[in-house]
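Note sheet for the following structure.
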Amino acid sequence: MKSGELTQTLMKMQKDTEAGRLHWRLEVQTTEGNDEKYTVEEGGLTWVVDECYVSYSCNYRGKEFCMISYEMIKTSGTQVRTMNYIFLPPKGMRLFSLHTLLEHSVDADAVLISQVHTIWTLLMKLVRQGSGQVQFRISQASVNVEEDR
């Protein structure tokens, strides 16, 4: 699926969710709360890295839908840089592994990233309200500090 097609699909899914017709399973894995983080040296600065995977899944128009987003957040002092990927993995693949997911990536433009963020915001609002529309699970990701990073 191309970026524009996915954006349109997500816009329709947003409307169905707002109307109460769509139920989601949302799974988050993040390093954000970890005491141990890895760092990278770039441009003479040391950047602290956080990673966050989010799996969005639901039954949409009679078919299983799964999308996984990945965000890398690098912080150095007051500077913040982010990198985002969107994946449409095959049915049954729910691994939070950048290496494994890369072959299923969608060429994500700013419009698609914005729409994914809009879905995220909507689903988090429903979670905070205690809505039964979203099954939510969050877990802490381990930090795999590798020599070649």
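Within a 6.0 Å radius of CD in E32, other residues, nucleotides and ligands contribute 12 heavy atoms or fewer.
Between K2 and D107, none of the side-chain N atoms (NZ, or NE/NH1/NH2) sits under 4.0 Å from a carboxylate O, so this pair counts as no salt bridge.
When hydrophobic clusters are built by joining Ile, Leu, Val, Met, Phe, Trp and Tyr residues whose side-chain heavy atoms come closer than 4.5 Å, directly or via intermediates, V40 is grouped together with L98. Cluster membership for V116 and L126, using ILVMFWY side-chain heavy atoms within less than 4.5 angstrom, is shared. Under the 4.5 Å side-chain heavy-atom criterion for Ile, Leu, Val, Met, Phe, Trp and Tyr, Y56 and F136 are members of the same hydrophobic cluster. Neither I138 nor I73 shares a network with the other; the hydrophobic side chains, linked directly or stepwise wherever heavy atoms of I, L, V, M, F, W or Y lie under 4.5 Å apart, form separate groups for each. Residues Y70 and W120 fall into different hydrophobic clusters, defined by Ile, Leu, Val, Met, Phe, Trp and Tyr side chains chained together at heavy-atom separations under 4.5 Å.
Here the OG atom belonging to S114 is positioned 11.0 Å from the CG atom belonging to N84, to the nearest 0.5 angstrom. Expressed to the nearest 0.5 Å, how far CZ of F65 lies from NZ of K91 amounts to 14.5 Å. Rounding to the nearest 0.5 Å gives a distance of 11.0 Å between CD of Q115 and CG of D109. Between the OG1 atom in T118 and the CE atom in M13 there is a gap of 14.0 Å [rounded to 0.5 Å].
Between the side chains of T46 and E41, at least one donor-acceptor pair of N or O atoms lies under 3.5 Å. No side-chain donor-acceptor contact under 3.5 Å links W47 and T39.
Between K74 and V49, some side-chain heavy-atom pair lies under the 4.5 Å cut-off.
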**Intermediate values then yes/no, side chain to side chain contact (heavy atoms under 4.5 Å, CB included), M67 and I86** = CA-CA 7 Å; M67 174 181 72; I86 306 297; 3.8 Å; yes

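E27 meets the side chain to side chain contact (heavy atoms under 4.5 Å, CB included) test with S55, F96, R137; sequence neighbours excluded.
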